[in-house]
Amino acid sequence: MKIDAFHYIQLGTVYRGLNVVPDSKVIEMYEGFHVPLEQMSDFYGKSSEGNTLKQFMDIFSLPEMTLLSCVNEHFLKHNIDYEPVHLYKDVKDAIRDVHVKGILYRAVEADIERYICYGEKTQAVLSKLSNHGKKMFLITNSPSSFVNKGMNFIVGKDWRDLFDVVIVQADKPNFFNDKRRPFRKVTERGILLWDKIHHLEKGQIYKQGNLFEFLKLTGWRGSKVLYFGDHIYSDLADLTLKHGWRTGAIIPELKSEIEIMNTSQYIKTVAWLQGLTGLLERMQVYRDAESQMVLQDWIKERQETRDLARKMFNNQFGSIFRTDHNATYFLRRLSRFADIYMESLSCLLNYDLHHTFYPKRTPLQHEVPNLSEPQYASTFGIPFIKEIAQIK
């Protein structure tokens with residue numbers, strides 16, 4: 001998203017509000033199709049214009065992008081003059097306040113059946129792991145009252161019996177990096193105690209703390225730990241890069257995407273897309289006028305087929321995992337920080353506790369054509385990225 005002009009780019013298409021911006025306007029604004037990376041982050045070098053682009057890169061960004069686009073659309077329709085930078089900052093602050101001030105938690109608690117899915121299978125998988133002697137812990141940024149009400153609904157009133165350690169208001173990702181904050185015990189009524197924590201007791205709830213103290217008190221270290229989270233950066237990145245834990249990502253959108261991938265319409269569309277691409281590669285050597293006309297028709301049809309395949313997932317955003325032939329930035333980051341990903345923790349019910357997940361061989365560009373990428377989704381909805389150890 002270009003903050004000073006308030007456009008957003010998705011899958012090579014530029015939008016303003018909810019409308020597509022013509023390519024000619026895009027080329028004029030960005031002086032071509034290439035956007036220098038230093039405009040998004042100082043990590044890539046200093047830009048003379050500063051960081052004028054905001055990169056939304058995870059599934060939590062979709063509501064924010066939608067809100068920004070809808071507000072922008074409202075201003076455009078009603079000819080309201082506005083400063084794009086102010087709009088971006090106000091929406092960002094509003095989303096932050098909804099979380100920090102507890103507005104979101106109170107709204108969910110007031111109508112919990114509307115916002116939280118009952119987790120019959122979640123209770124089953126947690127009980128299975130607990131009954132087989134697996135040590136389990138819960139680390140969440142949510143307050144204790146919200147966690148208790150949500151877990152009562154999802155798992156049952158005895159949910160704390162399943163976990164050896166429960167930590168609330170952990171303030172991830174700071175929890176994984178800041179050594180200065182000690183744990184505090186929380187009573188049943190939510191009162192914070194002054195006691196120094198010498199060990200973490202099962203059945204108790206603790207607030208804040210830090211991972212370094214957690215490792216010291218539990219001894220749970222390295223690849224023997226498999227940690228599940230739903231945010232690539234807040235949950236998984238530091239654990240993978242700094243602490244050597246195995247990580248699993250929970251991506252609910254995966255379920256609907258796999259269902260679409262397994263439809264006959266999608267399979268036929270992708271097969272035809274690959275067929276057209278192969279024809280174009282082989283037939284482009286013919287330079288006569290008649291052949292070039294056919295090639296142009298194929299190029300147009302190929303683009304239409306790509307658009308059709310993309311819109312099967314979402315008319316505005318397409319798939320969160322794929323941009324035409326390439327993986328999205330989200331999936332590339334997911335592949336970097338997660339050993340395994342699935343749409344729900346309950347997917348583990350399909351596997352034995354001693355099951356080892358092996359990585360699929362990913363064909364490289366220079367490898368034999370008949371090793372092209374597979375077209376079938378995982379039977380149980382668990383794609384594998386890297387080899388992980390047995391679930392301990």
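Keep in mind that what you see is a predicted model, and the values were worked out from it rather than measured.
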Is any side-chain heavy atom of V186 less than 4.5 Å from a side-chain heavy atom of L192?
-> yes
Main-chain N/O of A170 paired to T140 side chain as donor or acceptor, under 3.5 Å = no
When you look at NZ of K202, are more than 12 heavy atoms from neighbouring residues, nucleotides or ligands closer to it than 6.0 Å?
-> yes
To the nearest 0.5 Å, tell me how far I191 CD1 sits from L193 CG.
-> 8.0 Å
Could you tell me whether the side chains of Q123 and S127 share a donor-acceptor contact shorter than 3.5 Å?
-> yes
How long is the gap from CG on D164 to CG on L138, to the nearest 0.5 Å?
-> 11.5 Å
Residues A249 and L334: closest non-hydrogen pair is CB-CD1, 3.4 Å
Under 3.5 Å side-chain donor-acceptor pair for D288 and Q292 = no
Does any N or O in the side chain of Q284 come within less than 3.5 Å of the main-chain N or O of E281, such that one atom is a donor and the other an acceptor?
-> yes
Are any side-chain N or O atoms of R180 and backbone N or O atoms of N210, one a donor and one an acceptor, separated by less than 3.5 Å?
-> no
Is S234 reaching over with its side chain to a backbone N or O of H231, donor-acceptor style, under 3.5 angstrom?
-> no
Are F357 and H355 close enough that their ring centres sit under 6.0 Å apart?
-> yes
What one should report as the nearest heavy-atom pair of L236 and A338 is CD1-CB, 4.1 Å
Distance in Å, L200 CG paired with I205 CD1, rounded so as to fall on 0.5 Å steps = 13.0 Å
Between N141 and D171, is there a donor-acceptor pair closer than 3.5 Å when you use the side chain of the first and the backbone of the second?
-> yes
ILVMFWY network linking W272 to I299, side-chain heavy atoms under 4.5 angstrom | yes
Return yes if some donor-acceptor pair links the side-chain N/O of N262 with the main-chain N/O of E259 below 3.5 Å, else return no.
-> no
Going from CD1 on I258 to CE on M342, what distance comes out if it is rounded to the nearest 0.5 angstrom?
-> 11.0 Å
Quick one: do I112 and F146 end up in the same hydrophobic cluster if we chain Ile, Leu, Val, Met, Phe, Trp and Tyr together by side-chain heavy atoms under 4.5 Å apart?
-> yes
salt_bridge(K149, E113) N-O dist < 4.0 Å | no
How about I232 and F330: do any of their side-chain heavy atoms sit closer than 4.5 Å?
-> yes
When you measure from the side chain of T328 to the backbone N and O of L331, does any donor-acceptor pair fall under 3.5 Å?
-> yes
Tell me, do M136 and S130 make a side-chain contact under 4.5 Å, heavy atoms counted?
-> yes
Ion pair E367/R361, N-O distance below 4.0 Å | yes
Please state whether the rings of W159 and F163 are parallel, tilted or perpendicular, taking 30° and 60° as the class boundaries.
-> perpendicular
Keeping the roles fixed (side chain from N177, backbone from P173), state whether a donor-acceptor pair exists under 3.5 Å.
-> yes
Can you list the steps and then say if H198 with L217 is a side chain to side chain contact (heavy atoms under 4.5 Å, CB included)?
-> CA-CA 7 Å; H198 297 283; L217 295 174; 5.8 Å; no
Does R221 make a cation-pi contact with W245 (under 6.0 Å, within 45 degrees of the axis)?
-> no
Donor-acceptor pair between E257 and S319 side chains, under 3.5 angstrom = yes
Salt bridge check: are R96 and D93 linked by an N-O gap of less than 4.0 Å?
-> yes
So do E213 and F183 actually touch side chain to side chain, heavy atoms under 4.5 Å?
-> yes
For Q204 and V166, which heavy atoms make the closest approach, and how far apart are they?
-> O-CB, 3.9 Å
Is it true that V285 and L276 fall in one hydrophobic cluster, defined by side-chain heavy atoms closer than 4.5 Å?
-> yes
Quick one: does D230's side chain get under 4.5 Å of I251's, heavy atoms only?
-> no
Would you check if D195 and R184 make a side-chain contact, meaning some heavy-atom pair closer than 4.5 Å?
-> no
Can you see which heavy atom on H199 is nearest to which on Y206, and at what distance?
-> O-OH, 3.7 Å
In terms of the angle between their ring planes, are Y341 and F321 parallel, tilted or perpendicular, with boundaries placed at 30° and 60°?
-> parallel
Between H243 and the options F176, F212, Y227, the ring-ring contact (aromatic ring centres under 6.0 Å, His included) test singles out F212
Rounded to the nearest 0.5 Å, how far does CG of N72 lie from CG of L18?
-> 8.5 Å
Verdict with reasoning, D307 to R310, per salt bridge (charged side-chain N to carboxylate O under 4.0 Å, His left out) = CA-CA 5 Å; D307 293 341; R310 184 181 74 244; 3.0 Å; yes
Would you check, one step at a time, whether the test side chain to side chain contact (heavy atoms under 4.5 Å, CB included) holds for F214 with V165?
-> CA-CA 10 Å; F214 178 85; V165 179; 4.0 Å; yes
With the 4.5 Å side-chain cut-off for hydrophobic clustering, are W298 and V270 part of the same group?
-> no
Does Y351 reach the main-chain N or O of T356 with its side chain, forming a donor-acceptor pair under 3.5 Å?
-> no
Check whether more than 12 heavy atoms from other residues, nucleotides or ligands sit under 6.0 Å from atom NZ of K128, and answer yes or no.
-> yes
Does the side chain of R16 reach to within under 4.5 Å of the side chain of S69, using non-hydrogen atoms?
-> no
Step by step, would you call Y115 with E109 a side chain to side chain contact (heavy atoms under 4.5 Å, CB included)?
-> CA-CA 9 Å; Y115 295 108; E109 286 185 47; over 6 Å; no
Of all heavy-atom pairs between T269 and A309, which one has the smallest distance, and what is that distance?
-> CG2-CB, 4.0 Å
Kindly give the heavy-atom pair with the smallest separation between S346 and K121, and that separation in Å.
-> CB-CB, 3.4 Å
Measuring from L273:CG to D324:CG, what's the distance to the nearest 0.5 Å?
-> 8.0 Å
Report yes if the side chains of D161 and D158 come closer than 4.5 Å at any heavy-atom pair, otherwise no.
-> yes
Begin from the C-alpha positions of I167 and F137 and carry the test side chain to side chain contact (heavy atoms under 4.5 Å, CB included) through to its verdict.
-> CA-CA 8 Å; I167 301 167; F137 58 90; over 6 Å; no
Can you hop from F175 to I197 via hydrophobic side chains spaced under 4.5 Å?
-> yes
Say whether, by atom type as modelled, one donor and one acceptor occur between the side chain of N152 and the main chain of N148 under 3.5 angstrom.
-> yes
Should the pair D339-R246 be classified as a salt bridge under the 4.0 Å nitrogen-to-oxygen rule?
-> yes
